[in-house]
Amino acid sequence: MGEAVERITSGALDKVVLARSLVARAEAPIDPRFLLRRLADSYDNTWVFAVAGLIGATPEMLVRLDRGLASSRVLAGTIRRTGDDAHDLALSASLARSSKDLEEHEYAVRSVADALGRHCASMNVPESPFVLHLPNVMHLATDVAGAVEDGATSLELAASLHPSAAVCGTPTATADALITELEGLDRGCYAGPVGWMDAAGDGEWGIALRSGQLDPADPCQISIFAGCGIVAGSDPEDEVAESDAKFLPMRDALTAAPTA
Ligand SMILES: C=C(O[C@@H]1C=C(C(=O)O)C=C[C@H]1O)C(=O)O
């Protein structure tokens, strides 16, 4: 992470998202239905998914298309919750004012607005983000919308938007190369688009975050993933703590006692 901050400070790029993974082993095969129930119960403001052993509760909607109206929830800029509501409220206010987080957020909004804009006649890009409250973290969030004019399906829009600066960086190609160089991780489907599409092309494609991949060769094993956007002002220790907080939805779902 220190190396990434140095590259950014030297001017090679503006932002890169680096991720890490943990492997969890269970005594019995992991039942995705149990994980889904726990995630759906605990994480209200998210989209819960299970596709081919990829399970998670993502708060980030890459793109939704509904009868010509495309929308995207962009997240970037994060603060951990403490469990003390009054303190969390103060933290939420400081997140909304943090120049480091606002800068990181702006890169993500730009990448989505530029890519979506190529398909849209008119766009609505709010000037400032709101704070999205989740049980484990709070994020700066912007809902971008546009009227699609070129007939693109939701899957085609997702293909244009991926990888956004929320999971890759800015500029995209430089960040992508730095991830390959520094991350040392096979992301698999983590951070990719996950969702559905109907026959008309409408659909919802979330970004597969706060997620885990069941091991196809061993049903008792799952790899869980979490990443953080690094910008010039990033502190490596803070970022590691942030990724720990992002593991919580899957960790808690895996460790919670079974419900009836
Ligand atoms: C990369 C992840 O999350 C992304 C990175 C964020 C950040 O760095 O602030 C916030 C939300 C997501 O766009 C993840 O959860 O693994």
Side-chain angles (χ1 to χ4, degrees), residues 1 4-5 8 14-22 39 43 45-49 54-63 72-81 91-92 94-96 98-112 129-144 161-170 172 175-176 178-179 182-183 185 187-194 205-213 223-236 238-252:
M1 217 171 287
V5 173
I8 293 167
D14 295 319
K15 172 180 174 177
V16 65
V17 180
L18 293 179
R20 51 193 271 253
S21 73
L22 296 175
L39 291 170
Y43 285 85
N45 288 323
T46 66
W47 291 270
V48 174
F49 57 88
L54 180 72
I55 299 149
T58 182
E60 187 149 9
M61 180 53 62
L62 184 63
V63 69
S72 177
R73 170 158 294 171
V74 184
L75 306 179
T78 303
I79 202 154
R80 303 187 298 285
R81 287 189 78 146
L91 285 177
S92 149
S94 69
L95 177 65
S98 151
S99 51
K100 176 245 171 202
D101 290 290
L102 288 166
E103 179 195 353
E104 185 183 333
H105 189 74
E106 182 57 26
Y107 292 128
V109 171
R110 269 292 113 232
S111 72
V112 167
F130 65 93
V131 177
L132 179 73
H133 292 244
L134 298 167
N136 55 332
V137 290
M138 294 176 280
H139 292 300
L140 291 180
T142 297
D143 288 338
V144 173
L161 288 166
H162 178 77
S164 77
V167 295
C168 182
T170 309
T172 308
D176 191 20
L178 191 60
I179 290 170
L182 296 180
E183 198 171 69
L185 182 73
R187 288 192 178 191
C189 291
Y190 158 73
V194 59
W205 296 93
I207 303 181
L209 304 173
R210 321 297 145 86
S211 61
Q213 177 72 57
S223 299
I224 62 175
F225 298 86
C228 294
I230 312 295
V231 291
S234 292
D235 171 56
D238 273 355
E239 301 295 345
V240 171
E242 183 181 312
S243 65
D244 283 338
K246 288 171 172 167
F247 279 129
L248 281 179
M250 287 304 293
R251 286 186 80 136
D252 289 348

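As the structure lists them, so they are numbered: ligands from 1, and atoms in each ligand from 1. All residue numbers refer to positions in the sequence shown, counting from 1. None of the values given here were measured: they were computed from a predicted structure.
- Smallest separation of non-hydrogen atoms from His133 and Ser92: NE2-OG, 3.7 Å.
- Ile8 and Ile230 make their closest contact through CD1-O, 3.3 Å (heavy atoms, listed as atom of the first residue, atom of the second, distance).
- With rounding to the nearest 0.5 Å, the separation of CZ in Arg20 from CZ in Phe247 is 4.5 Å.
- Sorted by chain then number, the residues whose non-hydrogen atoms approach ligand 1 to under 4.0 Å are Val17, Glu60, Leu75, Ala76, Gly77, Thr78, Glu104, His139, Ala166, Tyr190, Leu209, Arg210, Ala226, Gly227, Cys228, Gly229, Glu242, Lys246.
- Not counting sequence neighbours, Ser223 has no partner by the side-chain hydrogen bond (donor to acceptor under 3.5 Å, both in side chains) test.
- Here the rule is side-chain hydrogen bond (donor to acceptor under 3.5 Å, both in side chains) with Tyr107, and of His105, Arg110, Glu103 only Glu103 fits it.
- Annotation: the span from Leu22 atom CG to Met250 atom CE amounts to 11.0 Å, rounded to 0.5 Å.
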